[in-house]
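In each ligand, atom 1 is the first atom listed, and ligand 1 is the first ligand listed. Excluded from the calculations below are hydrogen atoms, water molecules and symmetry mates; all remaining heavy atoms, backbone and side chain alike, are included.
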Amino acid sequence: MEDPLSRIDVRGVELSYGSNHVLKGVDFHVGQGEVVCVIGPSGSGKSTLLRLVNALLLPDRGHVLIDGELVGRTVKGDRLFEMSAKAINKQRTRTGMVFQQFELFPHMTVLENLCLAPVLHKKLSRGQARERATKLLRRVGLADKGDSYPGRLSGGQQQRVAIARALMMEPGVMLFDEPTSALDPELVGEVLAVIRELAAEGMTMIVVTHELRFAREVADRIVFMDGGVVVEEGAPADVLDNPRSERLKAFLSAV
Ligand code: ADP
Ligand code: MG
């Protein structure tokens with residue numbers, strides 16, 4: 001089996017949507033097995049950063065590397081070329097992404113949701129996929145929900161299915177984009193528990209979150225973004241208890 005990828009380097013990344021200069025030179029590193037929580041106000045570019053790491057977008061300037069390998073681009077001679085869609089898709093299967101809105105396929109059962117990508121990418125046979133899916137559902141506490149449709153599940157259950165689905169391809173990196181922001185408060189804990197367990201198992205992760213208590217507990221490092229740049233980063237206690245910039249002080253007193 002291929003070694004799972006695990007290290008992320010974001011170097012001088014800039015990105016605009018049309019005339020909206022959203023990322024203005026982001027430098028960012030996540031070491032193997034490290035959990036980095038990204039905090040920051042709405043519109044600061046957090047989701048855009050995750051999309052770049054997941055090769056859903058390519059930077060206008062700068063580079064994203066996973067385990068030293070350029071994401072979405074290849075070097076030929078002294079020039080960079082966009083990878084083929086096929087190559088990008090292959091890279092993308094090595095990072096698991098979980099979105100705020102779950103994004104499960106509503107017309108498929110939970111098991112079908114989990115088995116789709118690995119079977120499509122010919123990584124697993126149907127039988128192997130079902131076996132792995134069953135194990136993962138057990139791990140997220142949903143052993144009995146394989147034949148249910150997502151619409152019959154609570155938000156917390158749907159998000160745990162989405163996490164299990166992201167784990168099906170055995171990614172080296174997990175990316176979470178505000179995984180609990182769409183949940184009723186009483187369902188947040190069950191999802192954070194699953195993420196906490198992944199962290200304890202040594203999964204390399206970026207978690208964009210507004211749950212500062214959770215970030216303090218699981219993050220090796222917290223990165224505060226504002227206005228398309230990393231304003232401060234460091235150990236949770238340093239960032240949350242001793243903010244240096246006025247921007248972070250203002251953000252922390254508002255949440
Ligand atoms: P955050 O996740 O921190 O809230 P985003 O990365 O989603 O920030 O967005 C940063 C900025 O980019 C915002 O101004 C947002 O309106 C804009 N933006 C995000 N996605 C798109 C898109 N697909 N097309 C155009 N503008 C976008
Ligand atoms: Mg966002």
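- The shell of residues lying under 4.0 angstrom from ligand 1, judged by heavy atoms, includes S42.
- Listed by number with element, the atoms of ligand 1 under 4.0 angstrom from any heavy atom of P41 are 3 (O).
- Closest heavy-atom approach to atom 4 (O) of ligand 1 among the candidates G228, S47, G227, G43: G43.
- Look at Q100 and the Mg ion (ligand 2): no N/O/S atom of the residue is under 2.8 Å from the metal.
- Looking at R51 against ligand 1, only its side chain comes within 4.0 Å, counting heavy atoms.
- Side-chain contact, Q91 with E69: a donor N or O sits under 3.5 Å from an acceptor N or O.
- Separation of atoms CD (E233) and CG (D27) is listed at 9.0 Å; rounding is to 0.5 Å.
- In terms of protein heavy-atom proximity, atom 23 (N) of ligand 1 is nearest to Y17 CE2, 3.8 Å.
- Annotation: atom 5 (P) of ligand 1 to nearest protein heavy atom, T48 OG1, 3.7 Å.
- Remark: T209 OG1 to L192 CG distance equals 6.5 Å, nearest 0.5 Å.
- Ion pairing between R132 and E170 holds under the 4.0 Å rule for side-chain N and carboxylate O.
- Protein heavy atom closest to atom 8 (O) of ligand 1, with residue, atom name and distance, is G45 N, 3.2 Å.
- Of all atoms in ligand 1, numbered sequentially from 1 with element shown, those under 4.0 Å from a heavy atom of V22 are 10 (C), 11 (C), 12 (O).
- Between the side chains of E232 and S245, at least one donor N or O sits under 3.5 Å from an acceptor N or O.
- S47 and D177 share a donor-acceptor pair across their side chains, judged by distance under 3.5 Å alone.
- N54 and R51 share no donor-acceptor pair across their side chains, judged by distance under 3.5 Å alone.
- Protein non-hydrogen atoms do not reach within 4.0 Å of atom 15 (C) of ligand 1.
- Residue contacts with ligand 1 for L49 are absent, since no atom lies close enough (heavy atoms, distance under 4.0 Å).
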